[in-house]
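So the structure is just underneath, and the comments pick up after that.
Per chain, numbering begins at 1; letters A, B, ... match sequence-line order. All values below come from the heavy atoms of this structure, side chains included, with hydrogens, waters and symmetry mates left out.
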Amino acid sequence: MADQQNCIQKPSPDSPADILEKVPGSSAEPRLRAADDTRYDPTPVEQKWAALWEKDLSHYASEPPSCGKPKYYVVEMLPYPSGALHMGHVRNYAIGDALARYMWMNGYNVLHPMGWDSFGLPAENAAIKNKRQPREWTLHNIAAMKAQMMRLGLSYDWSREVTTCLPEYYRWNQWFFLKLFEKGLAYRKKSKVNWCPKCATVLANEQVVDGCCWRHEDLPVEERELEQWALRITAYSEELLQGLETMDGWPDRVRTMQRNWIGRSEGANVDFKLEGGSETKITVFTTRIDTIFGATSLQLAPQHPLVAELVDKDPSKIASLEQMIAEQKKAREEGDIGLVDKKGFFTGHFAVNPFNQERVPIWVANYILMDYGTGAIMSVPAHDERDFEFAKKFGIEIKQVIQPVSGETPELPFCTEDGVATKSGEFTGLSCAHAQKKMAAFAKQHGFGEPTITYRLKDWGISRQRYWGTPIPILYCEKCGLVPVPEDQLPVLLPEGVEITLAGGSPLTKVKEFYETACPKCGGTARRESDTMDTFVDSSWYFYRYTSPISTAAFDSEIANYWFPMDQYIGGVEHAILHLMYSRFWTKFMRDSGFIKNDEPAQRLFTQGMVIKGGAKMSKSLGNVVSPDDMVARYGADATRLYTLFAAPPDRDLDWQDQGVEGVYRFLSRLHRFISENPIRVGDGESRDFDSSALSSDARKVQRKLHQTIQRITGDFQGRWHFNTSVAAMMELLNACMVKQELFASNSEAPKAFLADVQRKLILLLNPFAPYLAAELWSILGEDQNALLRYPWPQFDPALAKEDEVEIVVQFNGKVRSRLTVANDAEDQAVREAALNDEKVKEALVGKQIVKVIVVKNKLVNIVVKG
RNA sequence: GCGGAAGUGGUGAAAUGGCAAACACACUAGCCUUAGGAGCUAGCGCCGCAAGGCUUGCGGGUUCAAGUCCCGCCUUCCGCACCA
C-alpha cells in the first residue's frame, strides 16, 4: 500500500506527460500516463458519453404502462446525502444497474429510479459545525452525489428523482400521518423512551444497539419519560410475521431476523389476587401455564407499578429496589443484561394461586423485564432454568409438577415440554401441550386469565425532538385540545433560518411564527407540535412516489398498482429490521386504506455484502477508506464498477484490494484494443448472415466459446447473481479471441459477418457491467449509438455451445490413472470399451480384478478394482 | 447460551456428488525497451531432481466417487440474548 503510493509521482506543472482527469471534489492524484502507455484511457470516453446521456434522459426513462412490455421494477435503497458516495454505494448501484440493463435488453419496461433520504441529524450537526443551513448543506450534497452517480453511468430515470426533505415529498408524510391518525394507527403515548444525549432526541427501540445509540455506538442511551407519537405497527404483528412465511424471494437471514424481532410467543395471562381479600391482582404472562401448580413465588420487575405499594415504606426494601434499578440500567448500558447476577427480595406480601389457592410469596427480582409481557411472572423453579437459579440462591421452594413421559425422576430443572403434568389437581396426567390448552381455557372460564399471545415487537415511536425532519401536522389548542392540521392546510412547512443547537429540546419550539399559531377549529391560540418525524417514515414509502411523482397526491394508485410490488429491491443487510420492517408495515397500512393492492413492497430482496479493506469495515479512524472518486479518476467508472462485481460474489463481503482494480482495468484495455484495432463493421448493404457449419476449426472454437459465455452470463443473471463469474467468463472469451487474433485481422479468411457477430455480442454482454466502454465500442463498430440499452440480449444456441470432443478421465477406485478424448455424448458402452482398451489402463490392470465399471457421460470412467 | 452464515493456494476467488484451484491479483523468468509504472510470452497449491505422493479448518460416516451430503468438534463473522 505504502509502496504503491510512493510509486505514484506527484504531478509537476512542467511535465508534458501529465494529462487529464481530476474529478471534482476528489483528493486523488491524477493518474500519470507515460507517453507510450497504450492502455485505454477511460476518462475522455466516459465523460463524452456521460454528457450525451445526461442531455438525453429518455435514453433511460421507463415507458408507460401501456407500452405492452412486461414491467420490471428494480430499486436500490436510496442513500443519505452525506456528501460523497462510498464504495458500498458503488457496489450496491453496480449490482442494480447491471440488473436493470440486463432486463432492459430482455425487453422489459424497466423502472430504475433513485432518490435521497435527505432528512436527518447529520445535516443539523453540519449546521452547527459549519454554520450552514441544513437545507442548503443537504441540497449541495445531493448535487455532488448526483454528479458522482452520473459519472458512474448509472441508468436512473432522473425524471422521478425523490428528495425526501422537500415539501413536495414530506407533505405526503404529513398527509399519511393524518390518515394513520384517523385510523387510530397514530397515537400519543406517554412512555419511557430511549434518549440519546448526543443526538438530543428519542430513539426507536430498533435504533438502540446494545443499550447504545445506533449512531453513537459507545454512548449509552438514557431513559426519559416523554409524550410521544407512536405508530401502531403492532396492529400488524401477526401479518408481518405470517407474511415472512411466503416471502421466498427474501433472504432467509432477513426473514429470520424479522421473525426474531417480532418475537411471537404463545401463552396465557393469569391473574393472581393479593392475599387477604384484596381485589388487587397481579397479572403474569407465561408460556408454561401447565407448570402453574409448581409456582412457588411471583416475581415482579423492579419497575412494576405495584412494587411501590408492596414495599410500603420499608427503607431497606426501597434501598435495594433503587440499587436494583440502577444496576439494571448500568447493565443495559453496558450491554450486559443477561449476564448479571440474579438479585431480589421478598416484599413481605403474598398472592394466591388461582388454580390451587396456595399462597405464594411476592418477590421483586432484577431478571424480570418491565417491558416484556406484563412485567411479572410466576416463578416455577422446577421447570425453568432462571427461576431454578433464583430459587436455589434465595431458598425458595422447588416443586416438581411435570414428569418425563418415561416416568423417570428427572434432574431439575426439567424444562422440556415433552412431559406429563403431575400433582396438578384435575389436570394431572395430561401432556404438557394438552394441559396448556385445558388450563388456559379453565382460567378463562373462571375469569382469572386467558390464552394470550405476546410479541416482542413494540409500537414505533416516531417523535424526534429535532429540526431537520417532517413536522408532525398536529396542533394543541388551549380549548379544543389536540387538533390535526386540516388536509387543505398541508404542507406544514419547516421554517427556514432556524438556529440549531443540540441543547434545550426541540429547535422548533423557539421559532415563534411556527410554534405559535391559531386553532383551525375555534381560532383561539394554539401551539404546533414541535417534534418532527423519524426519518424512517420517509423511507417507508418513497418507492411508491417514484412511480408517479405528481403534485395532487402521494402517488397515483393506478400507476403504483402497475409497478408494484417491486420486482427486486437491493440494499445492505443492516436494514434487515428497521427500514424493511417499517416499509412492510407502511405497505399494509396503505393497502388497508385502499391506496394500493399489494401486500408486500418487494417480491425479491437482495442484500449485498459490505465492502471492507484489510478485513475491517472502511472507516476514517482506520484510515482504510477507498474513495470512489479516486478510483474513477484513475481507472474509470467502468473499471471501478466492474471490480466491485468481480472481486467477490455480490452477497459476500468484498475485501478491497487496490491492485485488483488494475486487473479489471487491464481487461477493459485489452478489450478496447481488441475491437478498436480491428473493428469488424458490417455495412448497410452487407448481410449479417453466415453459415456456422462452414467455419474453420479456429473460428468454431471462438464461436463455441462465445455461446458458452452467453450461456454462463445469462445463467448468472437468472440464478445466483454471481457476477464475479460472469466477468470471469467475459475475460475467458476475450482471451479465447486474442489467442485466435489473426482471425480478426484484416486479411482474415473467416466470414466478416461471423467476426462482426462475435464482436457485437461481446459488447452486448459487456453492457450491463461496463456501459461506457460498451457504448464506445458499439459506436466504433458503427452501430446505432443510442440503441444499445434497448438492443436485445444475445441468445445462445446450445448446439453451437457444445464441444465436439471431450476429455474423459479414467479412474481406478477414484484415482486418475489415464485420460482419453472421445466424442461429445459418446455412448457409455463405447467409452467403457475405449477406457478398457487404453494402454495405460491395461498396464494398471495387471494383477487386478475388475469389480465394477462406472461411466459418467462426458466426465469419467471409474473402474472399481480389487487386488 | 440460542439461531444463522462462512472456513479452499501468498491474495480475491472458482467448482449441477464426477479431473480441486477457472478467472484475476501478487510473484518469478524472458521478450520489447534509455527506462517500466505500458504491452507481450511462459511459469506459478505443497513435498520431490524426477517418477510420484499429498492437499479444500479438525475427526468420523455415507458413496464406485465428497470442497460439495450426514454426524461430532474447532475458529471467525452476523443476528438475538434473563423474552417468562
Side-chain angles (χ1 to χ4, degrees), chain A residues 4 7-9 31-39 210 251-261 263-265 267 284-288 291 299 301 328 331 335-342 365-369 371-380 384-387 389-390 454-456 573-574 576-577 610 615 643 646-649 651-664 666-667 669-670 673 719 722 724-732 735 738 807-816 819 851-865:
Chain A
Q4 205 212 345
C7 291
I8 300 164
Q9 294 170 12
R31 187 166 54 84
L32 295 183
R33 305 180 71 96
D36 61 345
D37 187 339
T38 57
R39 293 181 299 178
D210 288 339
D252 286 342
R253 187 153 75 117
V254 173
R255 293 200 282 171
T256 304
M257 282 166 76
Q258 292 209 353
R259 210 172 280 128
N260 291 342
W261 190 263
R264 183 187 200 269
S265 179
V284 303
F285 173 69
T286 176
T287 54
R288 293 297 307 275
T291 65
Q299 302 287 347
Q328 215 179 45
D336 284 344
I337 279 231
L339 305 168
V340 176
D341 276 349
K342 290 193 172 33
N366 67 344
Y367 71 99
I368 309 305
L369 306 174
D371 54 10
Y372 183 78
T374 59
I377 64 152
M378 62 175 202
S379 175
V380 186
D384 181 283
E385 270 179 49
R386 296 150 303 176
D387 295 347
E389 188 192 331
F390 191 86
T454 293
Y455 299 89
R456 210 183 80 100
V573 75
E574 64 273 18
I577 295 173
M610 281 191 302
Y643 177 67
F646 177 63
D651 52 348
R652 235 198 266 183
D653 283 353
L654 185 163
D655 200 343
W656 188 275
Q657 319 248 327
D658 290 316
Q659 286 150 332
V661 198
E662 297 268 1
V664 291
R666 280 209 281 262
F667 161 67
S669 287
R670 273 165 24 102
R673 184 150 39 93
H722 280 198
N724 53 330
T725 59
S726 303
V727 178
M730 276 189 288
M731 289 172 169
E732 283 185 50
N735 290 346
M738 299 284 267
E807 192 185 60
I808 297 278
V809 293
V810 185
Q811 299 178 330
F812 274 50
N813 296 340
K815 299 229 178 226
V816 179
R819 294 161 192 281
V851 179
K852 200 173 169 187
V853 177
I854 287 143
V855 181
V856 181
K857 201 178 279 298
N858 293 341
K859 298 278 184 194
L860 54 74
V861 177
N862 191 14
I863 304 172
V864 184
V865 293

Pairwise C1' distance, B:A50 and B:U63 [rounded to whole Å]: 35 Å
Looking only at atom P, what distance separates B:C71 and B:C78, rounded to whole Å? 26 Å
Could you check whether the rings of A:F285 and A:Y372 sit parallel, tilted or perpendicular, using 30° and 60° as the cut-offs? perpendicular
With no hydrogens and no angle check, is any side-chain donor or acceptor of A:Y643 less than 3.5 Å from a backbone partner on A:D658? no
Reckon A:L654 touches a base, only the sugar-phosphate, or nothing at all at heavy-atom distances under 4.0 Å? nothing
Pick the C1' atom in B:U56 and in B:C19, then give their distance to the nearest Å. 15 Å
B:C19 base / A:K859 side chain donor-acceptor hit below 3.5 Å: no
Of the listed B:G12, B:A13, B:G39, the closest approach to the A:Q657 side chain comes from B:G12
For A:D252, answer base if it contacts any base atom (sugar-phosphate contacts may also be present), sugar-phosphate if it contacts only those atoms, and nothing otherwise; contact means non-hydrogen atoms under 4.0 Å. nothing
Please name the nucleotide paired to B:A24 by Watson-Crick or G-U wobble geometry with both distances under 3.5 Å, or report none. B:U11
P spacing across the pair B:G39 / B:G4, given as an integer number of angstrom: 48 Å
Counting the atoms with a prime plus P, OP1 and OP2 as sugar-phosphate, which does A:R253 contact under 4.0 Å by heavy atoms, base, sugar-phosphate, or nothing? sugar-phosphate
Surrounding CD of A:E385 (heavy atoms of other residues, nucleotides or ligands, distance under 6.0 Å), is the total greater than 12? no
With a non-hydrogen cut-off below 4.0 angstrom, is A:F667 in contact with a base, only sugar-phosphate, or nothing? nothing
Nearest-angstrom distance, P atom, B:U11 to B:G57: 13 Å
Quick check: are there more than 12 heavy atoms from other residues, nucleotides or ligands sitting under 6.0 Å from CZ of A:R670? yes
Heavy-atom side-chain contact between A:V661 and A:W656 under 4.5 Å: yes
Once you apply a heavy-atom cut-off of 4.0 Å, does A:D387 come out as touching a base, just sugar-phosphate, or nothing? nothing
Nucleotide of B:G39, B:A13, B:A22 approaching A:R39 most closely (side-chain heavy atoms): B:G39
B:A14 OP1/OP2 closer than 4.0 Å to side-chain N/O of A:R652: yes
Please classify the nucleic acid contact of A:E807 as base, sugar-phosphate, or nothing, using heavy-atom distances under 4.0 Å. base
Contacts under 3.5 Å, N or O only, protein and nucleotides 61-64 of chain B:
from: B:C64; atom 1: O2'; to: A:N862; atom 2: ND2; distance (Å): 3.2
from: B:C64; atom 1: O2; to: A:N862; atom 2: ND2; distance (Å): 2.7

Less than 6.0 angstrom from the centroid, inside 45 degrees of the normal: does A:K342 satisfy that with respect to the ring of A:F390? no
B:A20 to B:U33 separation - P atoms, rounded to the nearest Å: 44 Å
